[in-house]
Amino acid sequence: MNTRTLGADLTVSAVGLGCMGFSHAYGAPTERSEAARAIRAAYDMGCTLFDTAETYGTAADPHENEKLVGEALKDVRDKVQIVTKFGIRFDETSTAVNKPLIPDARPETIRSSVEGSLRRLQTDHIDLYFQHRMDPNVEPEEVAQVMADLIQEGKITHWGISEVMEDYLRRAHAICPVTAVQNRYSMMARWHEALFPVLEELNVGFMAFSPMANGLLTGAYGKDFKFDSKLDYRSAMPQFTPEAAEENRELLRVLDVLAKDRHATPAQLSLAWMLCKKPYIVPIPGSRKVERMRENAGAAEVQLSAAEVAQIDHILDTIPMSAVFGGTKVINK
């Protein structure tokens, strides 16, 4: 697989792997050894960028995903880039399947988090350490200074911010250069395109999570598909309701036609569209199936011209589509 550079000097595979779904938010967790084999299969396909977080876990083990990623990649550690995150916890008083997030980016919390992540990932450094959500109680300059200190100490080599807005990014970047932002982005969720000029000005990369609208744009889920209401976030997402299936019928039909014209699948076209839009965008689709990972990796070979990307943008601007999940609720406690 070809590579891309995030920020000044972090070279990664053009398509990464979001590992959350092995342990969290997408139904019952995958058995550990099977999940490890799938992660290694992604590596064998050329993927070197693996994304996790300290909160991607199960009720039995809230840190399961980091442990899984660390174990799966420990013998190829010097050949991969491991991404993890700090700065949130779940509101355990909530009965919702998608529990609200409580941000906590206090320096002492960050210090505790990085040590825990290093231990679970079985590594001496984190390649890209993301603030998972902005904390209204901690100034960005204070967070950035901790990141600068951690870089100086060799515990992380790069840092980033997830679901960030322009002012916060600029203020943080002025203290310690930000390598990448990680924001939700797909054909159905394009609101962060307004940030692209700022990223280009500051030389900050963009890691796109949920690049296929949580799987909807693969075309794999019909209106009668049922998700586990206790373990699967998609059970509460607006794009997966029966009404949304009707609203999105034309979008999925057009996507299928466009993909076939380019000898690709809808998933590959969805990824290729963003890869060909900007050279600093790196999607991190999450999948637990090796055949899906192979399909996603193949998106890096699909080439679209600037005119074709603009044509797709015009279609997306004008075609009907349902509401799409915009992110987990963040609360301040």
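In this chain, numbering begins with 1 at the start of the sequence shown.
Between Gln268 and Asn296, the closest side-chain pair of non-hydrogen atoms is not below 4.5 Å. At a threshold of 4.5 Å between non-hydrogen side-chain atoms, the residues Leu6 and His158 do not count as touching. Glu163 is not listed as a side-chain neighbour of His132, based on a closest heavy-atom distance of 4.5 Å or more. Side-chain contact check for Met188 versus Ser322: some heavy-atom pair is nearer than 4.5 Å. Side-chain contact check for Asp51 versus Tyr56: some heavy-atom pair is nearer than 4.5 Å. Using a 4.5 Å heavy-atom cutoff, the side chains of Asp91 and Ile331 are in contact. Within the 4.5 Å cutoff, side-chain heavy atoms of Met45 are placed close to those of Met293. Within the 4.5 Å cutoff, side-chain heavy atoms of Pro107 are placed close to those of Glu142.
Taking CZ of Arg32 as the start and CG of Asp61 as the end, the distance is 7.5 Å to the nearest 0.5 Å.
Closest approach of Thr52 to Lys85, counting heavy atoms only: O-NZ, 2.8 Å. When every heavy atom of Ile110 is checked against every heavy atom of Tyr129, the shortest pair comes out as O-OH, 4.1 Å. When all heavy atoms of Ile281 and Ala208 are compared, the pair lying nearest together is CG2-CB, 4.4 Å. Scanning both residues, Gln239 and Asn248, for their nearest heavy atoms gives O-ND2, 4.0 Å. Nearest heavy atom pair, residue Ala300 against residue Asn2, reads CB-OD1, 3.8 Å. The shortest non-hydrogen separation linking Asn65 to Phe22 is ND2-CB, 4.0 Å.
The existence of a salt bridge linking Glu308 and Arg262 is confirmed by a sub-4.0 Å separation between a basic side-chain nitrogen and an acidic carboxylate oxygen.
In this structure, the side chain of Thr241 engages the main chain of Ala244 through a donor-acceptor pair within 3.5 Å. In this structure a side-chain-to-backbone donor-acceptor pair under 3.5 Å is present from Thr48 to Ser13. Side-chain atoms of Ser112 never come within 3.5 Å of backbone atoms of Thr109 as a donor-acceptor pair (strictly under, hydrogens ignored).
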Please determine whether ring-ring contact (aromatic ring centres under 6.0 Å, His included) holds for the pair Tyr185 and Trp273, giving the CA-CA distance in whole Å, both sets of side-chain angles, and the decisive distance to 0.1 Å. CA-CA 11 Å; Tyr185 186 52; Trp273 162 77; 5.3 Å; yes
With side-chain contact (heavy atoms from CB on, under 4.5 Å) as the criterion, how do Met207 and Leu128 come out once you've worked through the C-alpha distance, each side chain's angles and the decisive distance to 0.1 Å? CA-CA 11 Å; Met207 285 177 60; Leu128 182 51; 3.6 Å; yes
Would Tyr221 and Phe240 count as a side-chain contact (heavy atoms from CB on, under 4.5 Å) here? Give the steps. CA-CA 8 Å; Tyr221 302 102; Phe240 290 108; 4.0 Å; yes
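No continuous path of hydrophobic side-chain contacts links Leu275 to Phe196 [ILVMFWY only; heavy atoms under 4.5 Å].
Within a 6.0 Å radius of CD in Glu291, more than 12 heavy atoms belonging to other residues, nucleotides or ligands are found.
The stretch residues 121-136 participates, sequence neighbours left out, in these salt bridge (Lys or Arg N to Asp or Glu O under 4.0 Å) pairs: Arg77-Asp127.
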